[in-house]
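Notes for the one structure printed next.
By convention here, the first residue in the shown sequence is residue 1.
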Amino acid sequence: SQLSVKKGSRSGKEAIRGILTTLLSNKMLIRGGLILMVIGLILTRSRMGNSAFFMSLAGISVFAFFFYQRRPVYLRTLIISFFVLDLLIVGAMFGVEKVKERLVETSLASETRDEVVIDSIPLLQDNLWLGTGGGTFYTAFPKYQPNVYSGFYNHAHNDYLQFAVELGVPATAVLGAFLLFWGFLSLRLMVKGTTPLNQGIGFAGAVAITHTLLHSTVDFSLQAGANAITLLTICTLVVIATFQQPTEKKRKRRSQSLTDSF
């Protein structure tokens, strides 16, 4: 949201001054915070957590390159720095190779998460409409578990399935519709946003929602309150930015009032 949208030729002296100004501005604090978050994500060794983050960032970045209204001059540079600086340089320093090794070694034979999903289908079929109740998967699932796994599964490791089991299919469909609607608003903000801040909020919302949709296929991130509240906060910002955007009529009315005041 703080990237400049103005194009223009600058002399070498002005370019150096601009770089130094950027290095001393709040942008570097934000960029440093992003690097710290990427380091934390890599250190978790989460396979889908890391994969979903970089896939969602790459996908939304490609969308931004083609559809972003008034695309910032250095948007491409910022996106490339995410992958070159964060993934290659920072990732190499903090063990992204370990994540790659876990991805390569992953197989259905060594995983039991897929068995939990399969064994949860009868549980879902018996509680299709109303579910077993929020937060009750760990008490309801053992009755349907035919074999003992390598560990105790208190979550389904699939948010779609767990929400359906606990809340029922209709309630889960409503929650999914809300999430898809927020994703649509995020993409719409990127395309039709009238301010860089609104477009930045749209970009963040689109990445967060896409990441959640991907990560929820193999994990239960939304069962953690901190993750769910963070996602809801981002979606709330998207809604606020969408409905506080000045429409064409409002802009004309504002310009007319300014003209009348003069």
Closest approach of Cys235 to Ile209 (non-hydrogen atoms, all atoms of both residues)
SG-CD1, 4.0 Å
Flag yes if Tyr160 and Leu232 sit in one hydrophobic cluster, no otherwise; membership is Ile, Leu, Val, Met, Phe, Trp, Tyr, and two members link when side-chain heavy atoms are under 4.5 Å apart.
yes
Taking the side chain as everything from C-beta on, heavy atoms only, tell me whether Val238 gets closer than 4.5 Å to Phe184.
no
Hey, could you give me the CE/CG distance between Met190 and Leu187, rounded to the nearest 0.5 Å?
6.5 Å
Is there a chain of hydrophobic side chains (I, L, V, M, F, W, Y, each step under 4.5 Å between heavy atoms) that links Leu237 to Phe243?
yes
Between Val239 and Leu185 the two heavy atoms that sit nearest each other are CG2-CD1, 4.2 Å
Quick check: is Phe63 connected to Phe66 through a chain of hydrophobic side chains (ILVMFWY, heavy atoms under 4.5 Å apart)?
yes
Crowded around Phe65 CZ? As in, over 12 foreign heavy atoms under 6.0 Å?
yes
Chi angles and distances behind the side chain to side chain contact (heavy atoms under 4.5 Å, CB included) call for Val169, Leu124:
CA-CA 9 Å; Val169 172; Leu124 174 61; 4.2 Å; yes
Okay, side chain of Gln162, backbone of His155: is any donor-acceptor separation there less than 3.5 Å?
no
Cluster link Phe178 to Ile229, ILVMFWY, side chain under 4.5 Å:
no
Determine yes or no for a side-chain-to-main-chain donor-acceptor pair under 3.5 angstrom, with Asn158 supplying the side chain and Thr217 the backbone.
yes
Spacing of CG belonging to Leu231 relative to CG belonging to Leu179, to within rounding of 0.5 Å:
6.0 Å
Between Phe141 and Phe137, what is the ring plane arrangement, given parallel below 30°, perpendicular above 60°, and tilted in between?
parallel
Between Trp182 and Ile234, is there a shared hydrophobic cluster once you connect ILVMFWY residues whose side-chain heavy atoms come closer than 4.5 Å?
no
Heavy atoms, side chains only, cut-off 4.5 Å: are Met48 and Asp219 in contact?
no
Taking the side chain as every heavy atom from C-beta outward, state whether Ile201 and Ile240 have any atom pair closer than 4.5 Å.
no
Are the side chain of Ser120 and the backbone of Leu123 linked by a donor-acceptor contact shorter than 3.5 Å?
no
Are there over 12 heavy-atom neighbours, none belonging to Leu130, within less than 6.0 Å of that residue's CG?
no
Hey, does Val38 have a side-chain heavy atom less than 4.5 Å from the side chain of Phe53?
yes
State, to 0.1 Å, how close Ser186 and Gly202 come at their nearest heavy-atom pair, and which atoms those are.
CB-O, 3.4 Å
Student check: side-chain heavy atoms of Ile35 and Ile39 closer than 4.5 Å:
yes
Contact between Phe67 and Val62 at the side-chain level, heavy atoms closer than 4.5 Å - yes or no?
no
From Gln244 CD over to Thr195 OG1, what is the distance, rounded to the nearest 0.5 angstrom?
10.0 Å
Please report the closest heavy-atom contact between Ala140 and Thr132, naming both atoms and the distance.
CB-CG2, 4.1 Å
To the nearest 0.5 Å, how far apart are CD1 in Ile121 and CG in Leu161?
5.5 Å
Any side-chain to backbone donor/acceptor pair from Thr210 onto Ser56? Under 3.5 Å, distance only.
no
Working to the nearest 0.5 Å, report the span between CG of Asn198 and CG of Leu189.
5.5 Å
Would you say the side chain of Asn127 lies within less than 4.5 Å of the side chain of Val165, judging by non-hydrogen atoms?
no
Main chain of Gln199, side chain of Tyr68: is a donor-acceptor contact present, judged purely on distance under 3.5 Å?
yes
Spatial distance of atom CG (Asn227) from atom CZ (Phe220) [nearest 0.5 Å]
10.0 Å
For Ala226 and Thr230, which heavy atoms make the closest approach, and how far apart are they?
O-OG1, 2.7 Å
Closest non-hydrogen atoms of Glu166 and Thr136, given as atom of the first, atom of the second and distance, are OE2-N, 3.4 Å
Looking at side-chain heavy atoms only, is the closest gap between His157 and Val116 below 4.5 Å?
no
Quick check: does any side chain N or O of Asn50 sit under 3.5 Å from a backbone N or O of Leu41, one acting as donor and the other as acceptor?
yes
